[in-house]
Amino acid sequence: MTEQHKDYTGAKLGMWLFLFTELILFGGLFILYGVYLNRYPQEFITGGGELNVWFGGGNTLVLLTSSLTVAMSISALQRGNRSLCVKLLVATIAMALLFLVNKYFEWSAKIHHGIYPGAPSLQEGPPGESVFFGLYYLTTGLHGLHVLIGAGILTWVMFLVRSGKVNGDDFVTLENAGLYWHLVDLIWIFLFPLYYLVL
Amino acid sequence: MNPSLVTTQEAIDPVFIFILGISLVMLVGITIAMIYFIIRYHRSRQPEPTSDVDHNLGLEVVWTVIPTLIVLAMFYFGWASFLTLRNVPEGALEISATARMWSWTFEYAGGQTSNRLRVPVGQPVKVNLHSVDVLHAFYAPAFRVKRDMVPGMENYVWFTAPEAGSYDIFCAEYCGVGHADMTTSIEALPPEEFEHWLRQEAAPETADLGRELLGKHGCLGCHSLDGSQMVGPTFKGLSGREATVLQDGVEKTLVTDRDYLERSILQPGHDIVKGYPPVMPGYEGRIPEGELVQILDYLTGAAAPAKPKPDGAALVQQNGCLGCHSDDGSSKVGPTFKELFGAQRTVSVDGETRSLTADRVYLERAILEPSAELVEGYPGMMPPYGHLSADQVEAIIDYLEGLGK
Amino acid sequence: MSDVTATSGRGFWDNSGGRSGLAAWIFSTDHKRIGLMYFWSIVIFFLVGVMLGLLIRLELIAPGVNFLGAQRYNATFTLHGVIMIFLFIIPGVPAAFGNLVMPIQIGAEDVAFPRLNLASFWFYAIGATLALVSLFTAGGAPDTGWTFYVPFSTRTTTNVSLAVFAVFILGFSGILTGMNFLTTVHRLRAPGMTWTRLPLFTWSLYATAWVQVLATPVLAITLVLIMAERLVGTGLFDPASGGDPIMYQHLFWIYSHPAVYIMILPAMGVISDIIPVFARKPVFGYKAIAISSIAIAAAGSLVWGHHMFTSGMSDMAVLVFSLLTFIVAIPSAIKVFNWVSTLYKGSIRLDPPMVYALSFVLLFSIGGLGGLILGAPGTDVHVHDTYFVVGHFHYVMFGGTGFAFFAAMHYWLPKYYGRTYNKKVALWAWGLMFIGFNFLYMPMQILGMQGMPRRYYDYVPKFADLNLLATISSWVLAAGLLLMFANVFYGLFRGKPFGTNPWGGASLEWTATATPPLLENFTEEPIVTHGPYDFKQAGVRADD
Amino acid sequence: MSEHDKGHIIGYPVLIAVWLALLILTAITVAAAQIDLGELNIWVALGIASVKSSLVIAVFMHMKYEKPLFQVFLLVALLTLAIFIGFTFFDVLYR
Ligand code: HEA
Ligand code: HEA
Ligand code: CUA
Ligand SMILES: [Cu+2]
């Protein structure tokens with residue numbers, strides 16, 4: 001996307017279209033969630049009860065804050081404050097990693113308790129519960145993968161900002177990376193209540 | 001009108017004709033218009049276009065509104081006829097159908113079962129559909145009914161057979177290698193005969209009960225009786241040998257005694273025979289105790305199987321042999337069967353030419369491993385028929401002998 | 001407008017961007033080179049798919065086991081379907097001809113994201129390779145059918161996982177192309193190229209691109225779910241653990257029904273561009289055709305349930321999806337009527353592109369009208385999963401999109417090679433194909449009405465005659481296809497020179513660039529002053 | 001390309017205000033989930049999540065300051081998603 005005559009709006013338009021595809025990718029899982037919630041409300045409540053709200057809530061705070069820092073980093077760069085921009089990006093990446101570490105502990109705790117896809121304890125339980133956890137692992141797993149990719153992209157952009165390739169006059173790459181990161185946050189905004197707070 | 005007077009085919013066929021008819025009229029209209037325009041306005045006749053109109057609102061509206069009305073009518077009739085398929089008339093006879101890879105079982109109210117669907121003529125029949133493994137579909141073309149059989153879900157179809165006869169049942173949802181072979185039939189019998197059959201079925205003769213039960217429970221869809229390779233291990237010589245099985249992924253060697261066999265039937269997931277996929281459904285609670293004993297007797301050889309002899313002529317027909325070979329001396333893709341038995345053959349083995357007599361041994365090889373010896377002058381395109389059983393091959397050779405000198 | 005007759009030698013062929021040999025192609029971001037790479041790969045896969053079709057017919061020549069036997073037959077039609085759908089017909093027109101033609105049609109130097117365009121080609125190449133690799137590895141060729149229905153697809157021991165992964169990658173390729181085209185059409189139109197001056201081919205690509213962007217991700221997640229079922233056993237579709245196999249079908253068709261409009265819309269665009277040129281008359285109802293493309297794309301996303309009328313879905317859903325299915329037929333009808341009216345009082349010349357285009361109208365109508373039988377639930381129950389459906393989709397896909405692909409090939413390719421094929425031979429090949437085609441697929445529709453199920457390697461003897469006829473006709477079709485390709489390919493490399501605008505087209509690819517087109521398409525940015533079918537104002541004439 | 005194209009610079013205070021609003025909304029969802037409203041719970045949760053995501057999209061993602069075209073695009077995408085989910089329920093709810 002580094003053409004000589006850069007089409008700013010075009011680049012952002014393309015990015016937004018890509019975000020739509022991501023949204024609909026998760027949409028497929030939301031369809032399944034809706035259908036199975038409708039079919040197994042009770043099992044979903046029990047399943048949700050086994051998830052730790054503190055892990056989920058903590059991660060929500062982390063992601064919301066990281067969204068703030070990315071948004072600020074763009075404003076910073078637009079105002080020509082490159083070092084602040086880099087600092088904010090580093091903070092964002094750190095939070096992305098924190099999110100993943102958190103997730104790692106959460107998952108290992110669950111797996112330790114014998115809750116994982118295809119686990120014998122799930123197969124013996126009521127059918128709805130294994131569906132709930134199957135969905136939970138798939139959705140948060142896919143989301144976690146996006147966090148990882150997002151962190152990678154942000155790191156790459158951070159280096160570009162530091163070297164001045166991305167700067168106050170030409171920052172669409174940063175903006176697009178930011179958009180991607182916000183999408184990751186957006187999806188979590190829905191995942192959190194759907195999985196951790198079902199009642 | 002009394003809905004039970006309408007049969008499913010009477011409900012569907014007029015809609016077919018209605019939609020096809022309109023479509024045909026539209027198609028012919030469009031084709032004629034196109035051909036006429038092409039001829040009338042061909043450049044040789046019309047070097048320049050004689051009009052530049054590029055739109056006409058009136059026309060556009062007309063050909064939006066008219067098709068809309070047409071399709072709405074099609075929708076209405078399509079839907080109404082679909083409702084006929086869904087609303088079972090009162091007084092329908094209920095029969096339950098179970099599909100599995102790759103066979104059918106029909107169960108009647110009195111507990112009788114069969115592999116063909118026997119129904120009384122003139123009475124609506126509701127068939128409740130179940131599947132124990134993957135998707136299948138119950139399709140009876142003569143009655144225009146079809147419905148998927150989904151594991152874990154209850155579906156149904158209904159129909160009325162207007163007259164006695166045999167009607168096809170196909171499995172219409174793809175279900176693996178045996179999909180095309182998963183066919184059976186509806187046998188529509190006059191009501192008295194049907195009653196008679198039901199009563200007789202309630203007390204089956206015990207001659208070859210074990211064998212019968214294997215068919216009834218669909219075991220023979222996956223296991224053979226004659227040693228040939230199918231989805232599951234063959235039943236031939238099964239009992240009392242050593243088997244390598246996986247228990248929870250750990251390899252073990254066991255002797256296939258009666259207990260093992262029983263467990264294999266009731267909880268097949270417990271020991272998975274090495275080299276086979278774990279696809280066998282568990283039969284716990286699905287085979288009555290008495291029948292299980294019969295099956296185990298049969299498998300352990302307590303009751304000696306009496307096998308009916310296969311019919312060679314029919315086999316040759318069914319296996320498509322006559323697609324390439326004739327039985328009247330004419331030459332087709334392959335040599336004729338007529339006067340083949342006992343004749344002198346010139347064959348090539350690994351490029352070397354040899355001469356031999358077509359005896360039983362040779363013929364058996366020629367059927368099972370056709371590429372081993374190629375008859376001079378014919379392409380090596382015959383597929384091997386390894387899936388035929390020894391009995392079947394024998395029957396075919398008997399049949400060839402009959403055509404011989 | 002610049003003087004386009006002053007050709008600069010071999011146009012974009014000369015400039016390789018500083019690379020040579022193979023690298024000048026596989027690393028090129030030029031939309032024309034990428035388009036040609038797509039074209040050739042697609043043709044190769046098409047020929048592979050077509051050979052498999054021939055094998056299917058050979059097995060079906062007579063009842064019983066003939067050449068393949070059950071397992072190999074199942075693998076053959078699965079691969080035939082996967083190749084034809086994902087490697088040929090979905091990328092066929094948009095990725096090959098869309099790339100070649102669309103940027104020039106709107107007066108752009110290239111697409112909006114040239115490097116992404118190259119990436120999309122690479123995804124295609126990798127996905128295609130993986131699909132072929134899945135044939136020979138692990139458990140052997142997949143045997144599920146192109147629909148990958150659960151629970152069978154999660155149980156079979158064949159190499160479904162890899163095949164599914166390959167399709168996943170191909171999906172990415174489609175998404176990237178879609179994004180690229182949408183942005184291109186929005187951002188890169190030349191001055192004066194208003195929305196009502198867009199050629200209809202570009203309009204149809206625009207509508208298609210939306211479908212690609214919004215529907216393909218559902219396919220992606222569906223395939224991920226299959227892989228998850230197979231590899232870790234999440235049990236989301238497994239009735240034993242509370243899953244619902246029918247939900248798989250919903251997800252699959254949410255993508256795969258719109259996908260059939262991904263296949264047909266660009267084809268309709270090709271036809272809308274060709275017919276006016278050879279009738280030398282502005283297209284009739286420009287706006288109606290453009291709007292109906294959008295309408296098909298939009299309404300096409302609402303009807304997926306019509307593939308599931310017998311699945312055990314609720315009757316309410318049957319009602320809704322059937323009604324919407326009929327609604328989606330209306331914009332198609334509008335298009336057909338507009339095409340036919342364009343011929344009225346024109347000056348028609350039956351050059352090969354026109355002949356293919358006109359036969360498209362006919363074959364698509366036959367297939368589409370068959371779609372009405374399928375859309376009515378009462379009748380669909382009888383013909384669902386029979387050869388009637390097989391006949392329907394070959395008519396719309398091969399008779400429709402396939403013939404449009406051939407029309408586009410005869411219409412545009414000579415422009416890019418600067419040489420052309422023998423017209424007489426092209427017409428002969430067309431004749432063979434047209435006859436072979438109808439005698440191949442019409443029997444299938446009849447067989448379906450008689451009740452022959454699809455995906456059967458063996459059938460009851462009463463179906464034998466029509467099957468034999470179909471198999472023989474497949475050879476006629478094969479002969480026509482071979483003749484057609486041989487003629488076109490010979491022509492492109494050895495044929496007579498092709499002028500700048502021998503057909504007399506009025507859109508920019510004919511009026512504003514050389515033959516072959518220049519590297520950045522135009523010597524100076526074109527300024528558009530008239531519509532794409534305004535032959536008078538453009539002052540163009542066909543060569544005689 | 002014009003200045004307008006490069007977009008509007010959003011001040012830090014605005015961003016921080018949005019962030020605070022998001023935190024408060026998160027707290028409200030967690031609190032609301034403790035009250036048993038039956039069927040309604042899920043709709044409350046989804047409602048709050050939608051408000052939160054609208055904030056993120058409008059401000060953090062600059063949608064408020066983009067050309068109308070972007071908003072139309074977003075609407076198309078959301079509508080499509082809604083249809084995919086909604087139409088599936090014609091089956092699920094009436095089975
Ligand atoms: C290019 C691809 C393509 C296209 C364009 C279409 C177009 C249509 N299809 Fe088809 N379809 C497929 C590809 C396509 N289809 C495939 C691949 C399958 C099988 C998948 C599988 O199971 O493997 C399938 C299966 C399929 C089914 C499921 C069948 C079953 O499995 O039971 C249905 C059911 O409604 C259907 C309907 C339609 C309809 C109503 C249209 C309409 O869009 C057609 C509109 C066109 C016309 C109506 C003709 C032109 C108009 C006129 C001549 C004017 C007169 C018209 C009127 C008065 C209305 N199709
Ligand atoms: C664009 C899509 C497309 C095209 C063009 C074709 C083309 C053909 N298809 Fe189709 N087909 C599908 C898409 C397509 N198919 C799909 C999606 C399925 C469903 C799969 C499933 O159920 O999962 C299907 C299924 C299908 C079936 C049903 C299988 C079954 O249900 O059991 C049959 C049966 O006859 C068939 C036959 C053919 C034939 C004979 C051709 C012919 O048109 C082919 C004509 C060509 C030839 C006969 C060969 C000519 C060429 C050569 C000889 C090349 C020589 C090459 C070189 C020299 C390099 N196909
Ligand atoms: Cu059972 Cu197909
Ligand atoms: Cu469809």
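So you know, we letter chains A, B, ... as the sequences are listed, proteins then strands, and number each from 1.
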- Toward chain A, the part of C:I254 with a non-hydrogen atom under 4.5 Å: side chain
- Query: What's the spacing between C:T183 OG1 and A:M15 CE if we round to 0.5 Å?
  - Reply: 11.5 Å
- Under 4.5 Å between any side-chain heavy atoms of A:L29 and C:L225, yes or no? yes
- Is the count of non-hydrogen atoms from other residues, nucleotides or ligands lying under 6.0 Å from C:F172 atom CZ greater than 12? no
- Query: Above 12 or not: heavy atoms from other molecules or residues under 6.0 Å from CZ of C:F165?
  - Reply: no
- Message: Is A:L138 in contact with chain C via its backbone, its side chain, both, or neither, using a 4.5 Å heavy-atom distance?
- Response: side chain
- Task: Measure distances from C:L236 to the heavy atoms of chain A and classify the residue's part below 4.5 Å as side chain, backbone, both or neither.
- Result: both
- Quick one: what part of C:A228 sits under 4.5 Å from any heavy atom of chain A, side chain, backbone, both or neither? side chain
- Just wondering, do A:V35 and C:H250 contact through their side chains at under 4.5 Å, heavy atoms? no
- Item | Close side-chain approach of A:T21 and C:T216, heavy atoms under 4.5 Å | no
- Item | Residue pair C:F237 / A:L32, side-chain heavy-atom distance below 4.5 Å | yes
- Message: Please check: side-chain N/O of A:S130 versus main-chain N/O of C:S241, any donor-acceptor pairing under 3.5 Å?
- Response: yes
- Item | Contact origin within A:L23 toward chain C - heavy atom pairs under 4.5 Å | neither
- Message: Are there over 12 heavy-atom neighbours, none belonging to C:W195, within less than 6.0 Å of that residue's CH2?
- Response: yes
- C:T234 versus A:Y136: any side-chain heavy-atom pair under 4.5 Å? no
- Query: Under a 4.5 Å heavy-atom cutoff, which of A:F20, A:Y40, A:W16 has the most pairs with chain C?
  - Reply: A:Y40
- Checking heavy atoms, do the side chain of A:Y36, its backbone, both or neither come under 4.5 Å from chain C? side chain
- Atom CG in C:L176, atom CG in A:L17: separation rounded to 0.5 Å? 11.5 Å
- Message: To the nearest 0.5 Å, what is the distance between CG on C:L251 and CD1 on A:I31?
- Response: 5.5 Å
- Is it the backbone or the side chain of C:D244 that comes under 4.5 Å from a heavy atom of chain A, or both, or neither? both
- A:R39 CZ: over 12 foreign heavy atoms closer than 6.0 Å: yes
- Query: Given that the side chain runs from C-beta out, which part of A:F26 has a heavy atom under 4.5 Å from chain C: side chain, backbone, both or neither?
  - Reply: neither
